[in-house]
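First the structure, in the form of structure tokens, and then the observations on it.
When a residue number appears, it is its place in the shown sequence, counting from 1. First listed ligand is number 1; within each ligand, the first listed atom is number 1. Note: hydrogens, waters and symmetry copies are ignored here, and every other heavy atom, side chains too, is used.
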Amino acid sequence: MGRNTQTYLVGGVSAIGGFLFGYDTGVISSVLEMDYWKTYFHNPGSVGVGVIVSLLTAGCFVGSLCAGWIADRFSRKRAIMAACVVFCLGAAIQCGARNRAMLIVGRFIAGLGVGVLSMSVPVFQSEIAPPHIRGRLVSLQQWAITWGILVAFWIDYGCHFIKSDASWRIPIGIQIVPAIILFVSMIFMPYSPRWLVDNDRIDEAQEVLARLRSGGDLNAPEVTEELDEIREAVRIDRETAVRSYTDLLRVPIRRRVVLGVLIQALQQLTGINVSMYFATSIFKQSGLSGNNAPLLAQGVNGVVNMLATIPAILWIDRWGRRKTLMLGSLGCAITYFVQAVATGATQHKTYDADGSLNLNIPHGPSYLIIVMMYLFVASFAMSWGPIGWIYPSEIFPMRIRSKANSITTAANWLFNFVIGLVSPILIKKITWGLDLIFAIIMFSSIAIIYLFYPETKNRSLEDMEVIFTGSIWAHKDRKRIADYDNANRGREDAKMTNDF
Ligand code: BGC
């Protein structure tokens with residue numbers, strides 16, 4: 001057994017929370033197109049559909065805000081378990097819905113569960129990981145999200161052939177299965193060692209660290225050293241008494257809150273969910289014809305998303321957060337720019353009788369646009385997808401970590417909600433102009449990362465105090481951090497012997 005097998009196991013199990021996140025956000029888009037669903041709910045108009053779609057995101061927003069308190073008070077582990085119960089309730093109400101109100105309430109409740117999961121899982125993973133594989137471990141939740149979206153799509157696709165209400169009840173109901181699996185498996189998973197120390201359960205923390213790091217040897221040097229480091233960090237945390245929501249607005253935490261909120265907002269401002277939610281209609285607009293072609297092109301989108309996350313899992317802890325984000329932004333910006341030019345130069349707008357827009361783009365440019373969309377999704381999947389979740393989960397001190405992450409996660413859901421609301425309107429109104437807006441945001445994000453985001457790879461969570469107490473200009477603060485590293489060289493080298 002490898003040295004980190006237990007850590008991967010625990011991180012992998014909790015990543016099922018990401019699967020629920022991805023599945024629940026992905027499942028509804030094709031359900032909305034199903035004939036039996038439309039008939040059962042009396043053909044909801046665009047407002048009705050908007051409410052049904054966005055109530056999940058609203059639930060996620062509220063859930064993530066509550067998660068900070070729950071994960072501190074009852075532990076990260078129990079927060080994940082409680083989220084599973086809430087999620088099952090929401091999914092069951094949706095699956096058995098007899099009217100629109102039930103469906104909407106069910107989506108909101110499931111959203112509460114997803115919101116709690118989206119905050120507690122990365123924090124839990126980050127707290128159990130040794131520094132050199134922390135990025136990889138949190139990337140597992142992102143990978144699980146992409147699997148969730150993918151599986152939801154293909155289950156929808158398979159079920160749309162069923163000629164009864166089961167066609168929509170099955171895809172909605174089936175998500176209860178992974179939620180139960182997660183709940184039951186979490187019973188056997190340990191508490192976060194950092195949460196245990198913060199709650200003065202030192203012996204248990206030592207046992208957990210021994211289980212995760214040394215095959216159960218309580219007195220292994222790596223266990224003792226990490227335990228000492230966590231205890232020291234918690235002691236300092238207590239002295240500085242940073243613990244309430246208002247502390248998030250004060251120095252020294254404020255800078256990190258701004259960076260955490262901004263990175264989550266920018267993750268959504270990549271426009272990823274425009275291609276996750278609306279790619280089918282964009283493919284249709286761009287000239288993919290036939291009933292199934294746009295749908296299948298969307299399925300391929302999901303596969304690209306899942307596959308392109310793999311390099312991040314393997315190498316994010318080598319590439320580092322800064323470089324990966326800047327390269328990802330460059331990829332996203334270029335692909336948006338090419339789409340904008342190809343659409344702008346060749347589109348010829350006409351409208352169908354039902355008001356839907358056709359851009360009548362010739363075959364050549366329309367294939368180019370589709371390829372660019374796949375390359376965009378791949379650029380996102382390797383960079384902003386995982387790091388949007390990794391970075392906030394690793395930069396805060398213990399006592400404030402879960403509260404801070406509940407705010408940064410809520411920012412993600414808020415921007416997700418807004419983009420979901422405005423982008424369908426903009427796609428129709430300004431077509432390629434939306435690509436241009438995203439291209440500009442992505443180009444600008446390169447400068448933002450370069451100037452303000454310090455590198456965090458390979459740092460212990462306790463080291464973050466040093467990283468974030470210097471100049472706010474990340475590119476100017478390298479010398480100070482290098483001096484710190486030189487002073488601690490022996491210790492760091494010992495810790496970084498990683499086993500890829
Ligand atoms: C984002 C989601 C997005 C998904 C796509 C996640 O990191 O937060 O909004 O749908 O990635 O893979």
Salt-bridge present (Glu394, Arg321; N to O < 4.0 Å): yes
Check ion pair Arg256-Glu465 (N to O, under 4.0 angstrom): yes
Contact atoms of ligand 1, heavy-atom distance to Gln268 under 4.0 Å: 1 (C), 2 (C), 8 (O), 9 (O)
Atom indices of ligand 1 within 4.0 angstrom of Trp389 heavy atoms, with elements: 6 (C), 7 (O), 8 (O)
Aromatic ring pairing Tyr157/Trp154, orientation class (parallel under 30°, perpendicular over 60°, tilted between): perpendicular
Where ligand 1 meets Asn412 - atom numbers and elements under 4.0 angstrom, heavy-atom basis: 8 (O)
Geometric class of the Phe21/Trp389 ring pair [parallel <30°, tilted 30-60°, perpendicular >60°]: perpendicular
Identity and separation of the nearest protein heavy atom to atom 9 (O) of ligand 1: Asn273 ND2, 2.8 Å
Distance filter under 4.0 Å to Asn305 heavy atoms, resulting ligand 1 atoms: 5 (C), 12 (O)
Check: Arg136 side chain, Leu314 main-chain N or O, donor-acceptor pair, under 3.5 Å: yes
Nearest neighbour in protein (non-hydrogen) for atom 1 (C) of ligand 1: Gln267 OE1, 3.5 Å
Subset of ligand 1 atoms that lie under 4.0 Å from at least one heavy atom of Gly385: 7 (O)
Per-atom contacts, ligand 1 versus Phe380 - under 4.0 Å to a heavy atom: 11 (O)
Asn416 contact mode with ligand 1 (heavy-atom cut-off under 4.0 Å): side chain
Contacting atoms of ligand 1, where contact means under 4.0 angstrom from a heavy atom of Thr146: 12 (O)
Ligand 1 versus Trp384: contacting region, heavy-atom distance under 4.0 Å: neither
Ring centroid separation Trp432 to Phe337 under 6.0 Å: no
Nearest neighbour in protein (non-hydrogen) for atom 4 (C) of ligand 1: Ile145 CG2, 4.0 Å
Atom NZ of Lys38 with >12 non-hydrogen neighbours under 6.0 angstrom: yes
Side-chain (Arg107) to main-chain (Ile52) donor-acceptor, under 3.5 angstrom: yes
Lys/Arg-Asp/Glu bridge criterion (N-O < 4.0 Å) met for Arg134, Asp317: no
Per-atom contacts of ligand 1 with Ile149, taking only distances under 4.0 Å to non-hydrogen atoms: 5 (C), 12 (O)
Gln142, any N or O under 3.5 Å of ligand 1 N or O: yes
